[in-house]
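Below is one structure, written out as structure tokens; comments come after it.
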Amino acid sequence: MIPFNRLRIVLAVSEAVPWFKTGGLADVTTALARALDKQGHDVTIILPDYAAVRGSRSSLLPEVTNTGIRFSVNMVGETVEGAVRWAKLPESRVKVLLLAQGRYFNRPQLYMEDGVGYEDNCERFCFFSRAVLEICSQMVLRPDILHCNDWQTALIPALLHSQFADRPGFENAASVMTIHNMSFQGQFWHLDMPLTSMDWQYFSMHHMEHHGDLNLLKTGIAMADQVTTVSPTYAKEICTPEGGCGLDGLLRHRRSDLTGILNGIDQTIWNPNTDRHLSAHFSAGKPQPGKSVCKEHIQQRMNLPVRSDVPLFGMVSRISDQKGFDLIVEASDRILSQDLQFVILGTGDLRYEDQLRRLAERFRSRVAVVIGFDDSLAHQIEAGSDVFLMPSRFEPCGLNQMYSQRYGTVPVVRRVGGLADSVTDTDEETLADRSATGFVFGEYCSVRLAETIERALTTFRQPAVWKQIVHAGMSSDWSWSRSAKRYVEVYHQALERRHERDKDGRQ
Ligand code: ADP
């Protein structure tokens, strides 16, 4: 039977704000859960309990309580036990179950230390994925939808398709696999296959095997009832050899089950009128003086000359090849020969971190770099900057370009993935119809980036035009409600598909 109104949705995911975050996935999980809850659905988030990470910030987080419920998973002959803790997602009815297993999850970081992934990541997340289904069964959650996110939970559709298909509580359950980034696939050597508990018959090119290895993201894409990704443009890009990271053939095969849904932003967290990290507040209707106060504050905090006339460029990002740091370094002499300031917050690839530190030493009065992860500073950079840089090589959705627009900070972006879907380039036509919200370039090349930054600088010196672009960005609608409705449509398509599969199986 296919339910039509209130769906029971389990969101299985490896990170969620406010507890654990390394990137956009954590923001998206919570915001989508809240939006689905608002639309009347019953939502449970299940995530690993990285107890040490939580412990270091516990006074700032919603309380987590022991449930007394324990579970076990047989990991290749060894019975590994875990415990269920729970919390309530603030300002919602969403339940959050945190699966605790000290050996796997009580570590300083989520996935890696010093740029190197934990050696047993396959084992950790196979355990987690299998535990999600055990918990659904043990706690009688009876999900209609298991919504899985990225490779860490991509084994779940395969388990649901096979061992759990007829288990009580899963008779009608369907799976949805969301790809947040194709470049992380959870690819491991074939001898990890037993950790998945799947039969070796699935170790084929149509399911779990990829060039001789076990590939968890491929597993999820191949076996989920529906597949989504985080923007319409990225959905097209991943079906091409350039964007598909080796899985484009499979994605083309599943094209009719693949939907691109642009992420929204959590407007309770990202709102310049209420943001608790800011020293002044502002809105589309009244951007000043709040925005200027925030600019002054960030200049002071970063030890840059406090000047209102100089354009301040900001960047908050994982420091990786994906985000265009090679272009920035290559174009830095040309960019920094201009009268501008540049504030960067990020952490990741050690090579780029070094190059950025050196830039800050060379251009002391223009460039400030903070290496690290600092949520509060991220909000302050969004609010205090005039321009936000995202020259990404690829970008599934990207959130910062939307946060920027909301905070009156004009994005300079490459026309790729979700950036193409959320920033409108400034030209005669878009200025005339008032749709211009940023500056966009196509070719991945440092000269194009420098030219586009120069275009932004020229426009910055025309206050009336700049004000119009800022206003258009600040007035855009990035709420989750529209995207959440699209997800619900996809959930229903997944349920139909599960229904059809069962019918076919019976015939
Ligand atoms: P991705 O998920 O590829 O890292 P997104 O733009 O989708 O990129 O999301 C990144 C999220 O992580 C944003 O909310 C951004 O503000 C945040 N973020 C990235 N790096 C840092 C950092 N060093 N400190 C604080 N927040 C960060």
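We count ligands from 1, going down the list as the structure has it; atoms in each ligand are counted the same way. Count residues from 1 along the sequence. What you see is a predicted model, and the numbers here were worked out from it, not measured in a lab.
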Legend entry - All ring pair (Phe, Tyr, Trp, His ring centres under 6.0 Å) counterparts of His210, not counting sequence neighbours: none
Where does ligand 1 get N/O contacts under 3.5 Å from the protein, atom by atom?
unit_1, atom_1, unit_2, atom_2, d
ligand 1, 2 (O), Gly24, N, 2.8
ligand 1, 3 (O), Arg318, NH2, 2.7
ligand 1, 3 (O), Lys323, NZ, 2.9
ligand 1, 4 (O), Arg318, NE, 2.8
ligand 1, 6 (O), Leu399, N, 3.0
ligand 1, 8 (O), Lys323, NZ, 3.1
ligand 1, 9 (O), Gly24, N, 3.2
ligand 1, 14 (O), Lys21, NZ, 2.9
ligand 1, 14 (O), Asp27, OD2, 3.0
ligand 1, 16 (O), Asn400, OD1, 3.2
ligand 1, 23 (N), Gly372, O, 2.8
ligand 1, 24 (N), Asp374, N, 3.0

Legend entry - Pair Gln468-Thr459, side-chain contact (heavy atoms from CB on, under 4.5 Å): steps then yes or no: CA-CA 11 Å; Gln468 178 191 316; Thr459 313; over 6 Å; no
Legend entry - Crowding at NZ, Lys21 (>12 non-hydrogen neighbours, <6.0 Å): yes
Legend entry - Geometric cation-pi criterion Arg366 and Phe342, 6.0 Å radius, 45° cone: no
Inset, instruction - Assert yes or no for the condition that the ring centre distance of Trp151 to Phe188 is strictly below 6.0 Å. - result: yes
Legend entry - His147 and Tyr491 aromatic centres sub-6.0 Å: yes
